[in-house]
J.: 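Take a look at this one; I'll ask things after.
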Amino acid sequence: QVQLVESGGGLVQAGGSLRLSCVASGRTLSSYYMAWFRQAPGKEREFVSAISRSVGRTDYADSVRGRFTISRDNAKNTVWLQMNSLKPEDTAVYYCAADANLMGRRRYDYWGQGTQVTVSS
């Protein structure tokens, strides 16, 4: 089992940048496909980005492609989400997720507690 802790959220003006971090403990990160999801108030949780177990394959939601970049360092047990050109509609709680079997856009076995990102206009 793996535990995930996100950090790096905060308040930023539109057009600004934030870098979210997700640190894993309990098991080595290299065993897991990793992803970021987000949930805005009153909305369902939505997929943001995913990365394969070894660096090489990534996936992005259309709404963030070209603005967000997912990366990982298995030696540091850390996954990042670099978010540039932020928009007010990016405001949400961002969650890190891990799965041992599949790099998908829906089901992940392990979840962090989330970090709030607020983008002001």
J.: Relative to each other, are the rings of Y32 and Y110 parallel, tilted or perpendicular (30° and 60° limits)?
T.: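 The rings of Y32 and Y110 stand perpendicular, inter-plane angle above 60°.
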J.: Given D99, which partner from the list R53, R106, R107 fulfils the salt bridge (charged side-chain N to carboxylate O under 4.0 Å, His left out) test?
T.: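 By the salt bridge (charged side-chain N to carboxylate O under 4.0 Å, His left out) criterion, D99 pairs with just one of R53, R106, R107: R107.
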J.: Would M103 and R57 satisfy side chain to side chain contact (heavy atoms under 4.5 Å, CB included), going step by step from the backbone distance to the final call?
T.: CA-CA 9 Å; M103 177 180 153; R57 188 160 60 102; 3.8 Å; yes
J.: For R65 and Y60, indicate whether the former's side chain and the latter's backbone hold a donor-acceptor pair under 3.5 Å.
T.: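 Side chain of R65 to backbone of Y60, a donor-acceptor pair under 3.5 Å: yes, one is there.
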J.: How long is the span from the CG atom in N77 to the CZ atom in R72, to the nearest 0.5 Å?
T.: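 With rounding to 0.5 Å, CG (N77) is 9.0 Å from CZ (R72).
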J.: Before you tell me yes or no, could you show the steps for F68 and S49 under side chain to side chain contact (heavy atoms under 4.5 Å, CB included), namely the whole-Å CA-CA distance, both residues' side-chain angles and the distance that decides it to 0.1 Å?
T.: CA-CA 8 Å; F68 291 10; S49 183; 5.9 Å; no
J.: Can you check side chain to side chain contact (heavy atoms under 4.5 Å, CB included) on M83 and S17, steps first, answer last?
T.: CA-CA 5 Å; M83 306 186 295; S17 298; over 6 Å; no
J.: Do V64 and R38 have side-chain heavy atoms sitting under 4.5 Å apart?
T.: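 Contact flag for V64/R38 side chains = yes.
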J.: Which of these, L20, I51, T69, V117, sits in a side chain to side chain contact (heavy atoms under 4.5 Å, CB included) with L81?
T.: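 When L20, I51, T69, V117 are each tested with L81, the side chain to side chain contact (heavy atoms under 4.5 Å, CB included) holds only for L20.
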J.: Specify the closest pair of heavy atoms between S120 and L11, including all atoms of both residues, with the distance to one decimal.
T.: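 Scanning both residues completely, I find the closest heavy atoms to be CB-CD1, 4.3 Å.
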J.: Which atoms form the tightest heavy-atom contact between A97 and Y108, and what is the distance?
T.: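 It is CB-CB, 3.6 Å.
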J.: Establish whether V48 and Y33 are linked, either directly or via other cluster members, by ILVMFWY side-chain heavy-atom contacts under 4.5 Å.
T.: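 Cluster IDs for V48 and Y33 differ.
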J.: If hydrophobic clusters are built from ILVMFWY residues whose side chains come within less than 4.5 Å, do L4 and L18 share one?
T.: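 They do share one cluster, since a chain of ILVMFWY contacts under 4.5 Å joins L4 to L18.
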J.: Which heavy atom in A24 sits nearest to a heavy atom in L29, and how many Å separate them?
T.: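 So the two residues come closest at CB-CD1, 3.6 Å.
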J.: Mind checking the CD-OG spacing from E89 to S121? Nearest 0.5 Å is all I need.
T.: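 Going from CD on E89 over to OG on S121, the span is 10.0 Å.
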J.: Starting from the C-alpha separation in whole Å, work towards a yes-or-no answer on ring-ring contact (aromatic ring centres under 6.0 Å, His included) for W111 and F37.
T.: CA-CA 10 Å; W111 295 83; F37 288 77; 4.9 Å; yes
J.: Determine whether more than 12 heavy atoms belonging to other residues, nucleotides or ligands lie under 6.0 Å from atom CZ of R27.
T.: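 Counting neighbours around CZ of R27, 12 or fewer heavy atoms of other residues, nucleotides or ligands fall under 6.0 Å, so no.
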J.: Any side-chain to backbone donor/acceptor pair from T91 onto V119? Under 3.5 Å, distance only.
T.: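 Yes.
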J.: Provide the closest heavy-atom pair for V79 versus M34 in the form atom of the first, atom of the second, distance.
T.: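 In this case the closest contact between V79 and M34 is CG2-CG, 3.6 Å.
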J.: Donor-acceptor check, side chain of Q39 to backbone of V93, threshold 3.5 angstrom: yes or no?
T.: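 Looks like no, no N/O pair under 3.5 Å.
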J.: Looking only at atom types and distance, does a side-chain atom of Y94 sit under 3.5 Å from a main-chain N or O of G8, one as donor and one as acceptor?
T.: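 Pair absent, no side-chain N/O of Y94 close to backbone of G8.
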J.: What distance do T115 atom OG1 and Y95 atom OH have between them, rounded to the nearest 0.5 Å?
T.: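 T115 atom OG1 to Y95 atom OH measures 10.0 Å (nearest 0.5 Å).
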J.: Could you verify whether a donor N or O on one side chain and an acceptor N or O on the other, from T78 and D73, lie under 3.5 Å apart?
T.: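 No, because no side-chain N or O of T78 sits under 3.5 Å from a partner of the opposite role on D73.
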J.: Does V5 reach the side chain of Q3, with side-chain heavy atoms less than 4.5 Å apart?
T.: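 When only atoms from C-beta onward are counted, Q3 and V5 do not touch, as no gap falls below 4.5 Å.
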J.: To the nearest 0.5 Å, tell me how far W36 CH2 sits from C96 SG.
T.: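 If I round to the nearest 0.5 Å, the distance is 5.0 Å.
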J.: Which value, rounded to the nearest 0.5 Å, describes the distance between N74 atom CG and S54 atom OG?
T.: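 Interatomic distance, N74 CG to S54 OG, rounded to 0.5 Å: 8.0 Å.
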J.: Where do R67 and S85 come nearest, in terms of heavy atoms and distance?
T.: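 Smallest heavy-atom distance, with atoms named: NH1-O, 2.9 Å.
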J.: Could you go step by step and tell me if D90 and K87 meet the salt bridge (Lys or Arg N to Asp or Glu O under 4.0 Å) rule?
T.: CA-CA 5 Å; D90 294 319; K87 304 175 181 179; over 6 Å; no
J.: Measure the CD-CD1 distance between Q82 and I70 for me, rounded to the nearest 0.5 Å.
T.: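 Reported value, rounded in 0.5 Å steps: 12.5 Å.
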